[in-house]
Amino acid sequence: LFIYFTNENIIIIRYNCTMKNFLLILVLFINVYSIEIKQMPLEFTQKRVDLTKEYIKNSYGLEVENINIIPKIIVIHHTAMDDLAESFNRFNSETLTSDRKDIKKGGNLNVSAHFFVDFDGTIYSLMPETYMARHVIGLNLSSIGIENIGGNKKELTKEQLKANIELVKYLKDKYKTIEYLIGHYEYTSFEKHPLFLEKDTKYRTIKHDPSIDFMENLRLNFPDLKSN
């Protein structure tokens, strides 16, 4: 029996084997090309759905039936909190916390993201990848947000960089619509882009995350993804 495995034209294996050996090879092949993502779901009731629709209406001027997105951009962040549990608790509330006066004019929907990446490189899924998260002004309806734990007193780690590379590759392979990879600090470069939907020209915040060095090292692995 001749078996051919292909994965984006990267690997081809030809093997003469029994069915038992075939299953063993298949398991090994899947393990090599799989990514481990743990589940850490945010509170996501109808209330968050309704607040998301309200945000879309107020910020983008759009009436929507659902909160689904078509991913075209991956936005990399850091949480500016050096603890996973603290970061989760900050995002878990469905309504914006009272200390976020800098973005209160954008509405009552709390900030969130699709993924956390902890210091050791562990990846956590927070919400469905194709639901809108509030994580970047103007681009929420077309982007997936990845939040790296840290950036306060602790710098991001090489394990986080490796995990970001794996996660971006996974998302890029899964969603062929993805064209852009940016750091949060770069979002204003999209102001004149059709994907930038924020109506309020005065609603902007200055961002520095995750860092220029982190993004440069990440981008070395994805020369086909644009930054603007």
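These values consider heavy atoms only, across backbone and side chains, with no hydrogens, waters or symmetry-generated copies. Since the model is a prediction, treat every value here as computed from it, not as a measurement.
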Heavy-atom count check: over 12 atoms from other residues, nucleotides or ligands less than 6.0 Å from Lys57 NZ? no
Are Asp118 and Lys38 ion-paired here, with the side-chain N under 4.0 Å from a carboxylate O? no
List the steps, then state whether salt bridge (Lys or Arg N to Asp or Glu O under 4.0 Å) holds for Glu179 with Lys226. CA-CA 6 Å; Glu179 301 177 50; Lys226 298 174 284 187; 3.2 Å; yes
To the nearest 0.5 Å, atom OG1 of Thr188 lies from atom CZ of Arg204 at 8.5 Å
Euclidean distance, Glu159 CD relative to Asn148 CG, rounded to 0.5 Å: 12.0 Å
If you define the side chain from C-beta out and look only at heavy atoms, does anything of Val49 sit under 4.5 Å from Asn66? no
Option among Asp50, Asn108, Asn140 that satisfies the side-chain hydrogen bond (donor to acceptor under 3.5 Å, both in side chains) test with Tyr55: Asn140
Would a 4.5 Å heavy-atom cut-off, applied to side chains only, mark Val75 and Ile144 as touching? no
Does the Lys NZ or Arg CZ of Lys154 fall within the cation-pi geometry relative to Phe119 - under 6.0 Å from the ring centre and within 45° of the axis? yes
Is there a side-chain contact between Glu129 and Tyr175, using heavy atoms and a 4.5 Å cut-off? yes
One thing to verify: whether Arg134 and Glu54 come together as a salt bridge, which I'm taking to mean a side-chain N less than 4.0 angstrom from a carboxylate O. no
Mark yes when over 12 heavy atoms from residues, nucleotides or ligands other than Ile103 sit less than 6.0 Å from its CD1; otherwise mark no. yes
Over all atoms of both residues, closest heavy-atom pair of Leu156 and Gly151: CD2-N, 4.2 Å
If every non-hydrogen atom of Ala113 is compared with every non-hydrogen atom of Leu42, which pair is closest and at what distance? O-CD1, 4.4 Å
Under a 4.0 Å N-O cut-off, is there an ion pair linking Lys53 with Glu65? no
CD1 of Ile73 to CG of Leu195: how many Å apart, nearest 0.5 Å? 5.0 Å
Any chance CG of Leu220 has more than 12 other-residue heavy atoms, nucleotides or ligands included, within less than 6.0 Å? yes
What about the rings of His77 and Phe115, do their centers lie closer together than 6.0 Å? no
Measure the OH-CG distance between Tyr131 and Asn68 for me, rounded to the nearest 0.5 Å. 6.5 Å
For the side chain to side chain contact (heavy atoms under 4.5 Å, CB included) test, which of Leu181, Thr177, Asp224 pairs with Lys172? Asp224
Is it true that Tyr124 and Phe88 have ring centroids separated by less than 6.0 Å? no
Ion pair present between Arg90 and Glu86, side-chain N to carboxylate O less than 4.0 angstrom? no
Sub-4.5 Å side-chain heavy-atom contact between Asp209 and Met215: no
What is the minimum heavy-atom distance between Thr79 and Ser87, and which atoms define it? OG1-OG, 3.3 Å
Would you compute the distance between atom CG of Leu197 and atom NZ of Lys199 and round it to the nearest 0.5 angstrom? 11.0 Å
In terms of heavy-atom contacts, does CD of Glu186 have more than 12 from other residues, nucleotides or ligands at under 6.0 Å? yes
Report yes if some heavy atom in the side chain of Asn164 is under 4.5 Å from a heavy atom in the side chain of Ile76; otherwise report no. yes
Would a 4.5 Å heavy-atom cut-off, applied to side chains only, mark Leu225 and Val168 as touching? yes
pair Tyr180-Asn228: side-chain heavy atoms closer than 4.5 Å: no
Under the criterion side chain to side chain contact (heavy atoms under 4.5 Å, CB included), which of Lys162, Gln160, Glu166 is the partner of Val117? Gln160
Hey, mind stepping through Lys104 and Asp102 against salt bridge (Lys or Arg N to Asp or Glu O under 4.0 Å) and telling me if it holds? CA-CA 6 Å; Lys104 179 67 176 177; Asp102 57 327; over 6 Å; no
Kindly indicate whether a cation-pi arrangement holds for Arg48 with Phe44, taking the cut-offs as under 6.0 Å to the six-membered ring centre and within 45° of the axis. yes
Between CG on residue Asn217 and CD1 on residue Ile212, distance to nearest 0.5 Å: 12.0 Å
Are any of the side-chain heavy atoms of Ser34 and Tyr170 separated by less than 4.5 Å? no
